[in-house]
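For reference, the structure discussed in these notes is given below.
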Amino acid sequence: MKRIYTISFIIAFAMTVMAQAYSSSIPVFGVEKNMPLFYQQLKEQLTFPWAWQNKVKATGEGMQTMDFDEWRNEARRQIFATMQIAPPAPETNDYEIVAREQREGYEAQKILFHINKWEKVLAYLLVPQQQKAKKAVAAQKMPALLMLHDHGAHFAIGKEKMVKPFDVDSVIIKDADDWVVACYDGRYVGDKLAKAGYVVLSNDALFWGDRTRQEDRKDIAKALSTKENKQKTYDTQQALSSNLLQMGTSWGAWITWDDIRAAEFLSRLPMVDAERVGCLGFSMGSYRSWMLAALSDAVKSCAAVCWMNDTEHLMSLENNQNKGGSAYSMLIPGIRNLMDYPHVASLACPKPTLFYNGDRDKLFPVPGVEASYKVMREVWQAQGVNQNLITKIWPEKHFLNRQMQDSILAFFNSSLPAKTAQPSVAQQQEELIKTFQQVTIPQRSVEVKAPQDSTANALPMLQKAIDALAQQGGGKVIVNKGLYYLCGALNMRSNIELNLAKGAVLKFSGKAFDFLPVVQTRWEGTELQGRSAMIYANGCENIAITGKGTIDAQGGKEMARWGMKADTEQFEENAHGTHGETVEMPDVRRLRTMGGDASTLAERVFGEGTFLRPCAIEFYACSKVLLDGITLKNSPFWCIHPVYSDNVTVRNVTIDSHYPNNDGCDPESSRNVLIENCTFRTGDDAIAIKAGRDADGRRVGRPSENIVIRHCKFYSECNGLCIGSEMSGGVRNVLMYDVEIGNVKNALLFKSNLDRGGYIRDVAVDKININSVKGAVLRFETNYFGYRGGNYPAQYERFRISNVTAGNAEGYGIYYDGPCYQDVKRTDYPIRDILVSDFNVKSATYAYYLYNTDRCRFERCTVGNTTIPEYPQESKERQSCDVW
């Protein structure tokens, strides 16, 4: 018993000592110098998951390496979510000039404009003398700069810190003059830049200048001169920030939103070249400047002076940031759980961006500046635009001196240069094609002759010739004039050219059983094992199908009917999918379910007893492919389907196929594709560019990119050029030039839905002649038959459409239907940055419709008797265009 007591005592004593030791390691007091004593532990919790360095390089289980633009768009969306309530955009870009003053080389205007739907604000607008706003013409448009003022714990002036004030109390003028001496080396930076030829806009941030407390505006002299009142005004920012937080937003977010709206207003002024808009700020204005460049594409170039650092160095016991004060105007709750300051600034990449800091700036420790510069440099360098990022630490305090200002002017002169003649779409095509790799077939050949019995199966003979020549290293299989009846799929091999002489006809049986066993393929964007195409290649390199011969898939024999309504003899309308019930729909639904769950390819077998139609010609994971000169008829499904392939040329090909889903050519998740001098007479879209469907497409994550279409004729029964709707892996860099389009449903159609994800970007279309359309000449559709919850909208951005001429449109000349879910806008993914020029439609029932768009411009565009404004007002209500 005594032994038990002794052991118990030892254990108790040890626990007491341990508890005392543990408790002595926990701080007793909670705060030191405005910082919680656990601030280091808090900082250690910040992993910045949406930093480019963390997100783009992540390759863990279930995560693909992200496309840079995809990262930027999604990271922006995440930041906008932290900003919570967005002020509604103004409904007009009109403004009122309330005062004018002529200055040396430019006119100073005091204007009143809509910063958002709820507020008008006063601003200074400086317009260089060579042009006045009301006489603006496109050829004379000028570069422009948004000037973002500092904080300085000085609220009585804002815009007056950047532009020499006029039409104000003399007390304000003196205050501004004094401030410019203290912070800007005695120079009004906005005036200097206006004299150099830039349109300049400067407005007050909320709580500065004309937007400060109304009670202070009544006696500004008292507000400036009374120490007590100055302190009261300074303290009020805490209450303002608290009140905004309680109403679902934040002061920092509101200032950022105002800057975004001001930049959009500036870019849309008639005298401004929207492609040459920059922003400049010092101190808090620097923070505002790089935030704006990161979050708005209205700004093309950015200079930020004396505000860049990281949380590690700013959140310390000694730094000014921990005192609160000025930090309130830059706090957006939750943003540090996503990204650190330099990570957010990196969203401006690849724009030309300049960062200056001082080595004697007590507010921003040099080690933090250097660490931040390093983070940003990694991003610009990784995108191959390291020359666009300028970083420098000056021998200076927290100050914007004249030498810095002169250097910044030189930066804007180089980063917002005068317009030079841009390469035409045709020239861009030529330059891109030079990078494509061409097919090279060995110089040996064999000939085959048609069987005397036209009903005999010629497949073994042709396949044997291909295989034997491939065993020798490849060459040309010459198919002489005659009929070749093929009971099954013809498999191409590497280094083989199948040359069909004029008069040679490959006629496939058209019977479903002949195209088994199953092969690896993709059906409407979902991977599976399904029936083989009539001509199929998997993993081949250097393959070609050439000549003047014909390939007849005979789809109408059996398989094409799987996509028709029951008892249909003639194809009248695509009844597939959401258009109606067909025999293949149970298999379609089963495959789409598999594409959305964790099923493997081994489980997705659609062979005998199933009804998914195969393509006529399919190249799966092939490289260096050529189709030249042939005629293709009667496909059961898509006609030509390169998937996961690169360096594909489709030239001088004629498609004559009029069954359901008879798209002419569907490049899918493929790159470096040239389609030229082709004629498409098809039952569906002439060309439809794809990149996978929904979750399965996002899992694979392979875009279609670098696609050239030129000198073609589209006589399709559905749409002309179509991108989508299966485009979850993304589509980018598409160049289309010199195309004739007949009588179609929609001529230029870009379509997706809220289940797809992905993007369509960097598309240029030029010199298009269209006979007539039933739906729309130019159509952006983001609400195309989605049904999986609407959680993955697609992004449409950076389109250039020019020199389009069309006849009658029964529906719309222009139709932009931005994403919405149950008639509620998805404003985080609008249709944006679309420039349409020299677009003319003879007549249309509706000239144009825009809903949920951003930065969509029109130059010299007419529909019937309607001239489309440069920035048309959006429709307040959704309108439908039910023509597919």
Side-chain angles (χ1 to χ4, degrees), residues 50 52 55-56 64-81 86 89 260 264 294-299 346-351 383 525 669 689-695 697-705 707 722-734 748-765 778-784 786 788-801 815-821 824-836 850-857 874:
W50 273 95
W52 176 85
K55 185 58 70 173
V56 175
Q64 299 289 325
T65 299
M66 294 184 76
D67 166 77
F68 180 79
D69 283 331
E70 181 185 359
W71 164 76
R72 183 176 53 201
N73 289 333
E74 182 59 23
R76 280 180 174 178
R77 192 184 73 80
Q78 296 278 348
I79 290 172
F80 284 133
I260 292 171
E264 292 170 348
L295 298 178
S296 173
D297 287 332
V299 167
S346 296
L347 292 169
C349 180
K351 299 173 187 175
Q383 301 310 308
S669 294
I689 302 171
K690 313 282 189 178
R693 184 186 188 98
D694 296 351
R698 294 191 296 273
R699 174 187 62 81
V700 175
R702 292 184 59 170
S704 280
E705 58 188 340
I707 297 176
C722 179
I723 298 180
S725 68
E726 302 88 357
M727 37 63 65
S728 301
V731 177
R732 61 190 174 203
N733 203 20
V734 178
L748 304 171
L749 173 60
F750 310 102
K751 62 178 179 177
S752 182
N753 63 39
L754 299 183
D755 301 327
R756 292 283 185 268
Y759 54 82
I760 306 174
R761 67 167 65 102
D762 299 316
V763 177
V765 177
L778 174 60
R779 180 172 182 177
F780 289 87
E781 177 60 66
T782 63
N783 298 289
Y784 178 78
R788 292 180 179 271
N791 297 315
Y792 296 94
Q795 181 67 65
Y796 294 57
E797 59 188 350
R798 301 197 296 269
F799 285 69
R800 300 294 179 267
I801 314 291
Y815 182 89
Y816 293 6
D817 192 34
C820 66
Y821 182 72
V824 177
K825 289 183 181 180
R826 285 293 302 260
T827 54
D828 49 348
Y829 282 85
I831 299 167
R832 66 188 183 197
D833 195 10
I834 315 295
L835 174 61
V836 181
L850 280 75
Y851 183 81
N852 197 7
T853 66
D854 182 31
R855 299 189 309 278
C856 292
R857 294 172 55 207
E874 288 196 346

Query raised in the report: Between Lys751 and Glu781, is there a side-chain N and carboxylate O pair less than 4.0 Å apart?
Result: no
Query - Carboxylate-amine/guanidinium proximity below 4.0 Å for Arg76 and Asp828 - result: no
Query raised in the report: Among Arg732, Arg798, Arg800, which one satisfies salt bridge (Lys or Arg N to Asp or Glu O under 4.0 Å) with Asp762?
Result: Arg798
Spacing of [atom1] belonging to [X] relative to [atom2] belonging to [Y], to within rounding of 0.5 Å:
{"X": "Gln78", "Y": "Trp71", "atom1": "CD", "atom2": "CH2", "result": "12.0 Å"}
{"X": "Ser752", "Y": "Arg693", "atom1": "OG", "atom2": "CZ", "result": "10.0 Å"}
{"X": "Ser346", "Y": "Gln383", "atom1": "OG", "atom2": "CD", "result": "10.5 Å"}
{"X": "Cys349", "Y": "Trp52", "atom1": "SG", "atom2": "CH2", "result": "9.0 Å"}

Minimum heavy-atom separation for [X] and [Y], please, with both atom names.
{"X": "Ile801", "Y": "Leu778", "answer": "CG1-CD2, 4.3 Å"}
{"X": "Met727", "Y": "Ala794", "answer": "CE-CB, 3.7 Å"}
{"X": "Asp755", "Y": "Gly790", "answer": "OD1-N, 3.0 Å"}
{"X": "Pro830", "Y": "Asp854", "answer": "CG-CB, 4.1 Å"}
{"X": "Ala691", "Y": "Arg702", "answer": "CB-O, 3.8 Å"}
{"X": "Gly701", "Y": "Pro703", "answer": "O-CD, 3.6 Å"}

**Report entry** Check: Tyr796 ring centre within less than 6.0 Å of Tyr816 ring centre
**Finding:** no
Query raised in the report: Is there a donor in the side chain of Thr853 and an acceptor in the side chain of Glu874, or the other way round, less than 3.5 Å apart?
Result: yes
Query raised in the report: Between Glu797 and Tyr829, do the side chains contain an N or O donor and an N or O acceptor separated by less than 3.5 Å?
Result: no
Query raised in the report: In terms of heavy-atom contacts, does OH of Tyr851 have more than 12 from other residues, nucleotides or ligands at under 6.0 Å?
Result: yes
Query raised in the report: Can you list the steps and then say if Asp817 with Arg779 is a salt bridge (Lys or Arg N to Asp or Glu O under 4.0 Å)?
Result: CA-CA 8 Å; Asp817 192 34; Arg779 180 172 182 177; over 6 Å; no
Report task. Apply the test side-chain contact (heavy atoms from CB on, under 4.5 Å) to residues Thr782 and Asn852: give CA-CA distance (whole Å), side-chain angles for both, the deciding distance (0.1 Å), then the verdict. Result -> CA-CA 10 Å; Thr782 63; Asn852 197 7; over 6 Å; no
